[in-house]
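Because the structure is a prediction, the values reported are computed rather than measured.
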Protein chains: 2
Amino acid sequence: MGFYENDEDAFLPLRDVVFKQLREEILYGKLKPGERLMEIALSERLGVSRTPVREGIRLLEKEGLVVMLPRRGAHVASITAKQLEDVLEARRTLETFAVNACCARITHARFEELNEANRKFAEAVDTRDLRQMADTDTAFHNIIIDTAGNEKVKELLVSLKEQIFRYKYEFMKEMDDPTRLVREHDQIVKAIGESRSDKAVELLRMHIDSQAIAIYRKIK
Amino acid sequence: MGFYENDEDAFLPLRDVVFKQLREEILYGKLKPGERLMEIALSERLGVSRTPVREGIRLLEKEGLVVMLPRRGAHVASITAKQLEDVLEARRTLETFAVNACCARITHARFEELNEANRKFAEAVDTRDLRQMADTDTAFHNIIIDTAGNEKVKELLVSLKEQIFRYKYEFMKEMDDPTRLVREHDQIVKAIGESRSDKAVELLRMHIDSQAIAIYRKIK
DNA sequence: TAGTGCGCCATTGTATACAAATAAAAAGAC
DNA sequence: GTCTTTTTATTTGTATACAATGGCGCACTA
């Protein structure tokens, strides 16, 4: 391992380094919702000046991970039950669109990727490694979204999912039977493979909604 | 008229003043797609330092109105045919969701607002004032979106529409019969009034698609 | 003791100076 | 004459200094 934790960051503008670092800390719970992000403290901790910290925070705001109040600084975005509902509804709307488009465009190779991705997710579920589970689940859904072929929808979904990732992560901790998610994925894959787009849409809707309900219960 | 062009800007952070000013110039065509935004030139023109200019540009990036390349500065976002398609598809997906939700939640008062908004749009069409037409059309659609009651969907739609506003604006210039839009709005209002959500969704889809095709023809 | 006003301190907002990098122009080699 | 190399100028990236604001505590008053 080199001097830098992540070699590819070596030539990135500092604002992006700050962004990635803080993003990581927010998504995986090191920085908690509501926590205040103070520029001077962060610039000292990260070893850069205030300027790239400010700009990194602006990038986080763009992703919806922090909220800024003029003269009152930046806070890690927390979420109300209503906001969570809204985000999940938006996600469901866009992701059902995506799975429908995916059915129309999927190739054999992509279909195999999808199967493989769910196999990896199943593996992660077996190990009960939370981070691994979250990442492989995201990867699975991303293949569907990529296959849909709409870059803007993809961009919006990435942002929406990040905004609730932290809560989903917390929720997965306490899930009794995560293998159910694997089975749900399998059903979706099957429907896509059979080009039954209506069924795939309905299964995905249920898949998202069941998670929505669980997360919602946690936050309420 | 006071010293400031817009009094409410007087106490706003400069980054927001810069943001609003440049946003206006981009949306209404003073700054053209692809044009480069250079920090020093802008800071001189707007009479502020580079810092708020940089931050204002970051806000424009968040709205998708400019794109930034590291070390190569910011450009007014231009759009390829594919990107336009993607944005319009995303908009259609979210706005048909919105009109469906709107049907379920609309009150009598809101319904009257909707009628009134389309009356104002019809007025603007009569005068052929392009800016007025664009603004009242936006207002009409926004009532539907507001009534749907999903803040996140609203936020996403505002952003998506801004990204194509400029092209829509150009397209309206050359439209032979803009009164057709008024009639389409009327049909949508009627369907909402009769709580026929399926019909409203279908009409809105067609309304958006017909514009999409026209804009698409212009850009291709 | 409760309430109000004043002043200090921490923090964000803005300006500016300097460093680094890119692109364009000029010089040189073949 | 064209291609390569070097130089130079312009522009963005980063650091830092200073200004302005808002919150908080303390003192003063009723």
Side-chain angles (χ1 to χ4, degrees), chain A residues 3-23 25-26 31-63 65-78, chain B residues 3-23 25-26 31-63 65-78:
Chain A
F3 178 75
Y4 292 94
E5 275 201 42
N6 197 338
D7 285 348
E8 54 193 321
D9 288 0
F11 295 102
L12 238 52
L14 291 181
R15 58 165 174 270
D16 292 323
V17 178
V18 171
F19 168 69
K20 281 181 150 187
Q21 175 66 30
L22 294 181
R23 178 176 171 280
E25 293 184 10
I26 293 170
L31 287 169
K32 301 211 165 29
E35 194 162 334
R36 193 167 171 193
L37 295 174
M38 276 180 303
E39 297 170 3
I40 297 171
L42 286 174
S43 66
E44 280 166 6
R45 176 152 78 84
L46 302 175
V48 297
S49 79
R50 273 180 64 209
T51 308
V53 168
R54 282 176 78 86
E55 302 199 337
I57 288 174
R58 295 301 189 281
L59 293 173
L60 292 167
E61 194 195 11
K62 179 177 159 186
E63 298 284 302
L65 292 177
V66 314
V67 291
M68 303 205 53
L69 298 169
R71 287 271 169 207
R72 306 201 39 195
H75 296 251
V76 178
S78 53
Chain B
F3 180 76
Y4 293 96
E5 276 200 41
N6 195 338
D7 286 349
E8 53 193 323
D9 288 0
F11 294 101
L12 238 53
L14 291 181
R15 59 166 173 272
D16 292 325
V17 177
V18 171
F19 168 69
K20 280 182 150 186
Q21 174 67 30
L22 294 182
R23 179 175 172 279
E25 294 184 10
I26 293 170
L31 288 170
K32 301 210 165 28
E35 194 163 333
R36 192 167 171 192
L37 296 173
M38 276 180 303
E39 297 169 5
I40 296 171
L42 286 174
S43 66
E44 280 166 6
R45 175 153 78 84
L46 302 175
V48 299
S49 79
R50 272 180 65 209
T51 307
V53 169
R54 281 176 78 88
E55 302 199 337
I57 288 174
R58 295 301 189 282
L59 293 173
L60 292 167
E61 195 195 11
K62 178 177 158 186
E63 297 284 303
L65 292 177
V66 313
V67 291
M68 302 204 54
L69 298 169
R71 287 269 170 207
R72 306 203 39 195
H75 295 252
V76 178
S78 54

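Side-chain contact check for V17(B) versus L46(B): every heavy-atom pair is 4.5 Å or farther apart.
In this structure, the NE2 atom of H75(B) is 12 Å from the C1' atom of dT12(D), given to the nearest Å.
L37(A) CG to I57(A) CD1: the interatomic distance, rounded to the nearest 0.5 Å, is 5.0 Å.
Residues R58(B) and P70(A) each lie close to DNA chain D; by heavy-atom proximity, the contact nearer the 5' end of the strand is made by R58(B).
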Quick one: which protein N/O atoms are closer than 3.5 Å to N/O atoms of nucleotides 14-20 of chain C? Pair and distance per line, please.
{"unit_1": "dT14(C)", "atom_1": "OP1", "unit_2": "L14(B)", "atom_2": "N", "d": "2.6"}
{"unit_1": "dA15(C)", "atom_1": "OP2", "unit_2": "S49(B)", "atom_2": "N", "d": "2.7"}
{"unit_1": "dA15(C)", "atom_1": "OP2", "unit_2": "S49(B)", "atom_2": "OG", "d": "2.8"}
{"unit_1": "dA15(C)", "atom_1": "O5'", "unit_2": "S49(B)", "atom_2": "OG", "d": "3.4"}
{"unit_1": "dA15(C)", "atom_1": "N7", "unit_2": "T51(B)", "atom_2": "OG1", "d": "2.6"}
{"unit_1": "dT16(C)", "atom_1": "O4", "unit_2": "T51(B)", "atom_2": "OG1", "d": "3.4"}
{"unit_1": "dA20(C)", "atom_1": "N3", "unit_2": "R71(B)", "atom_2": "NH1", "d": "3.4"}

N/O donor to acceptor pairs below 3.5 angstrom from side-chain atoms of residues 67-75 of chain A, sequence neighbours left out:
{"unit_1": "H75(A)", "atom_1": "ND1", "unit_2": "G34(A)", "atom_2": "O", "d": "3.2"}

Listing, residues 49-56 of chain A side-chain donor-acceptor contacts under 3.5 Å, not counting sequence neighbours, or none:
{"unit_1": "S49(A)", "atom_1": "OG", "unit_2": "T51(A)", "atom_2": "N", "d": "3.4"}
{"unit_1": "R50(A)", "atom_1": "NE", "unit_2": "E39(A)", "atom_2": "OE1", "d": "3.0"}
{"unit_1": "R50(A)", "atom_1": "NH2", "unit_2": "E39(A)", "atom_2": "OE1", "d": "2.8"}
{"unit_1": "R54(A)", "atom_1": "NE", "unit_2": "E55(B)", "atom_2": "OE2", "d": "2.8"}
{"unit_1": "R54(A)", "atom_1": "NH1", "unit_2": "E39(A)", "atom_2": "OE1", "d": "3.2"}
{"unit_1": "R54(A)", "atom_1": "NH1", "unit_2": "E39(A)", "atom_2": "OE2", "d": "3.0"}
{"unit_1": "R54(A)", "atom_1": "NH2", "unit_2": "E55(B)", "atom_2": "OE1", "d": "3.3"}
{"unit_1": "R54(A)", "atom_1": "NH2", "unit_2": "E55(B)", "atom_2": "OE2", "d": "3.2"}
{"unit_1": "E55(A)", "atom_1": "OE1", "unit_2": "R15(A)", "atom_2": "NH1", "d": "3.4"}
{"unit_1": "E55(A)", "atom_1": "OE1", "unit_2": "R54(B)", "atom_2": "NH2", "d": "3.2"}
{"unit_1": "E55(A)", "atom_1": "OE1", "unit_2": "R58(B)", "atom_2": "NH2", "d": "3.0"}
{"unit_1": "E55(A)", "atom_1": "OE2", "unit_2": "R54(B)", "atom_2": "NE", "d": "2.8"}
{"unit_1": "E55(A)", "atom_1": "OE2", "unit_2": "R54(B)", "atom_2": "NH2", "d": "3.2"}

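The residue from L65(B), I26(B), L60(B) that alone fulfils the side-chain contact (heavy atoms from CB on, under 4.5 Å) condition with V76(B) is I26(B).
Here E25(A) pairs with Q21(A), L22(A), K30(A), L31(A), R45(A) under the side chain to side chain contact (heavy atoms under 4.5 Å, CB included) rule; sequence neighbours left out.
Nearest heavy atom pair, residue A77(B) against residue P33(B), reads O-CB, 3.8 Å.
Residues from residues 32-42 of chain B placing a heavy atom under 4.0 Å of any atom in DNA chain C do not occur.
At least one side-chain nitrogen or oxygen of R72(B) sits closer than 4.0 Å to the OP1 or OP2 atom of dA23(C).
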